[in-house]
Structure formats: structure tokens, C-alpha cells
Enquirer: 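Got a structure here, written out as C-alpha cells. Questions coming.
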Amino acid sequence: MNALENTKSLLAELIGFPTVSSDSNLDMIKHLADRLSDCGAEVEIWHDETGTKANLFATLGPNRDGGIVLSGHSDVVPVTDQDWSSEPFRMEERDDKWFGRGTCDMKGFIAAAVAMAPKYAQLDLQRPVHFAFTYDEEIGCFGARALAETLREKGINPAVAIIGEPTSMRIIEGHKGCYEYTTHFTGLEGHGSGPDRGVNAVEYAVRYVSKLLELKADLQGRAPANSRFEPPWTTINTGALVGGVAHNVIPGKARVEWEMRPVQMSDADYVKDELHRFCAHNLIPAMQASHPDAGIEIEVIGEVDGLEPMDDNEARDLVMELTGANGADVVPFGTEAGIFQGLGMSVVVCGPGSINQAHKPDEYVSVDQMAQCLEMLGRLSAKLV
Ligand SMILES: [Zn+2]
């Protein structure tokens with residue numbers, strides 16, 4: 001069987017595992033682990049605390065730093081209420097396209113990488129090649145975060161990561177982060193006629209939102225020169241302000257749901273520090289002066305790190321050489337790439353299929369895209385010996 005046929009049959013097997021983020025991914029991870037072990041890879045499976053999900057990390061070649069990671073998430077989004085022309089968890093070929101949930105996002109890349117493993121295994125590898133397959137990307141990159149933690153603990157330091165999210169095989173060297181929070185305000189309820197006898201949670205929430213507006217304006221001035229993001233700066237959005245019951249009641253509870261999309265890590269730190277200072281020095285002391293149990297709590301809904309474009313980027317240079325592309329772009333969607341970058345690797349996102357088909361009914365990856373991906377992975381061989 002040639003590489004494309006091999007990849008097709010493996011992808012069909014992977015599509016058959018309904019690894020929706022709410023369910024276990026263990027069967028699929030086990031299947032991939034068997035395939036990788038069969039060709040001599042050293043395979044590790046790292047479970048989450050529930051034991052129902054796992055990351056897979058496998059290595060071919062010498063056990064040392066500086067390797068190249070091929071990474072993808074094993075989970076897929078649900079198919080509930082979607083109108084599919086064929087069974088979503090059974091791959092079908094029509095018009096040179098492979099249809100099924102996860103074909104482009106992103107089991108296509110995983111299948112291609114694992115199908116190439118026996119080829120890499122036959123080489124006299126000087127540089128390790130790693131396979132990193134994660135859980136729960138679609139619901140907040142929890143698997144990648146755990147994987148990063150384990151790599152750090154074990155002192156495994158690859159140099160380059162290629163994240164095979166569907167980019168139509170374009171090279172992506174940057175995307176904003178996406179940090180979502182709910183800030184909860186606890187005051188003290190009371191009758192509207194005596195404002196001083198309560199702590200008005202809504203009024204404190206409003207002051208907090210004012211601070212967010214101030215920071216939002218500051219961030220425009222902090223945009224990096226030549227930023228290619230749209231807009232070029234870190235944004236903040238106040239998505240919801242909820243609180244209170246009636247005209248004549250001092251509201252005891254309020255909450256602000258907000259997000260920021262940082263273009264650089266320093267902006268995220270700036271916003272968090274400023275908010276922390278503002279709450280600790282201004283809001284909380286004022287609230288607690290009237291009622292010691294009053295306070296503010298920030299609930300982290302999700303923190304998906306951005307991928308910061310870097311002047312020096314071995315991953316970009318490598319993948320440009322492998323694909324013949326003459327540049328790299330930035331995109332408006334988030335991936336696990338920033339988490340790998342946080343470990344000190346150089347990272348790009350590049351994979352088969354289009355983001356336009358991701359998460360939709362009749363998701364597909366075209367045979368041509370898969371062939372291009374296999375060509376890239378084939379050329380990678382020369383960089384590993
Ligand atoms: Zn994805």
C-alpha cells in the first residue's frame with residue numbers, strides 16, 4: 001500500500017472512534033499507541049485525573065533534546081443537531097473528498113503522521129521525531145496543558161512543533177490568545193432606602209467594567225510595531241453584566257463575563273496585574289469596610305495562549321522549506337500552538353483541510369490536501385537523519 005492508501009485506511013479507523021470531547025478518547029489513543037509501538041516507537045500514555053482521557057506522547061529516534069513534534073488533538077466537536085449526508089463517524093469518499101467528523105479537524109493530520117511513522121523508523125534518525133496527541137482541545141486545550149506539564153516534569157525538550165490544525169497547508173506563525181473570565185462580586189443585600197447599610201454588588205461591578213474600558217484603551221497603545229493581527233492590538237470585550245433583582249433592593253450579587261484576546265503575553269500579564277491591583281487596593285477594601293464577607297472572585301473559564309509571531313522561528317523556516325511556501329500568515333482562530341511555544345519550542349500550525357469545513361456537517365478533507373500533507377511529512381525525513 002502506498003502512503004496515501006495507508007493514511008486513508010488509518011483515517012477511516014480514527015473517524016470510527018467517536019471521540020467527542022465529552023466522551024473518552026482512550027480507544028483511539030490505544031489504537032494509535034499500538035500502531036506506533038509496532039514500528040518501534042517508545043510510547044507513553046498519560047491519563048487525566050478521571051482516567052477516561054489520555055494524551056499520547058511517542059518518540060522515534062535518539063532519546064535527546066531538540067526533536068521535532070508532530071501534534072494534533074484527538075477530540076472532535078459533537079454532531080448533535082447537524083444535518084449530515086452520511087454517517088459522521090463512518091468515513092466516506094465522494095468526489096475526491098473524505099467525509100466524516102474529524103477528517104479535517106484534525107484526525108487527517110494525525111493519520112498522515114502515524115502512517116509515516118514506519119518510514120521514519122527505518123531511517124538512521126539523528127534527530128528524534130515525537131508524536132503528541134492530546135485530549136480536550138475543543139473545550140479549552142486542557143490536554144495540551146497537561147502534556148506540557150508532563151514534558152516539563154520529565155525534562156523532555158523538543159525544539160520544533162508542527163500543529164496540524166486545518167490551514168489548507170498554509171503556514172501559520174501567529175494567532176491571538178483567548179482568555180475568558182467571569183468576575184463574581186459579592187456584596188450585601190439591603191433595602192434601597194438605606195444604601196449605606198448594604199454593599200451594592202452591581203455598582204462595584206460597574207466600576208470594574210470601567211477599569212476594563214480603561215485597560216482596553218491602554219492596550220491600543222501597546223500594540224507591537226508591524227503587528228499583523230486584525231485589529232493589531234490586544235482586545236477586551238465585556239460580554240455580560242448581570243446582577244440585581246428590583247428597583248428598591250441593594251443587589252448582593254453581580255457578575256461580569258468578559259474576555260481578552262492578547263497579541264502578546266506581556267499584555268495579558270499587564271491586564272491581570274492592573275486588575276489585581278485595582279481590586280486589592282480600591283474595590284475590595286471599600287466593600288469590606290461595610291461588610292467583611294464582601295469580595296471579588298475571578299473565575300477562569302479558559303485561557304488559550306496565543307501563538308506569538310517570532311522573528312527567529314526554526315519551525316517556520318523548516319516548514320517553508322518542506323512545503324515550498326514563501327511566507328507565513330496569522331489567523332483569527334486559536335490552537336494549542338501557544339502552549340508548545342510556552343515550553344520554549346518554535347512552533348507553526350500547518351495541516352490539511354480547511355477551517356471552513358471544521359465543526360460543520362459534512363466535514364471533509366480533500367484527497368489533494370492529504371497528498372500535500374504526506375509530501376511535507378515525506379520531505380521531513382531528510383531533516384531527521
Ligand atoms: Zn482543531
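Read the numbers this way: they start at 1 and go in the same order the structure lists the ligands and their atoms.
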Enquirer: Specify which N/O/S atom of Asp105 comes nearest to the Zn ion (ligand 1), by atom name.
Expert: OD1

Enquirer: Side chains of Asp48 and Thr50: any donor to acceptor distance under 3.5 Å?
Expert: yes

Enquirer: Which N, O or S atom name in Glu165 marks its closest approach to the Zn ion (ligand 1)?
Expert: OE1

Enquirer: Is there a side chain to side chain contact (heavy atoms under 4.5 Å, CB included) between Thr235 and Lys176 once you walk through the steps?
Expert: CA-CA 10 Å; Thr235 55; Lys176 292 186 182 184; 4.2 Å; yes

Enquirer: Please determine, by modelled atom types, if His73 and Glu336 share a side-chain donor-acceptor pair under 3.5 angstrom.
Expert: no

Enquirer: So that I can tick it off, tell me whether Lys8 and Glu5 are bridged by a salt bridge, with the cut-off set at under 4.0 angstrom between side-chain N and carboxylate O.
Expert: no

Enquirer: Mind checking whether the Zn ion (ligand 1) has an N, O or S of Glu138 under 2.8 Å?
Expert: no

Enquirer: Taking the N/O/S atoms of His73 one by one, which is nearest to the Zn ion (ligand 1)?
Expert: NE2

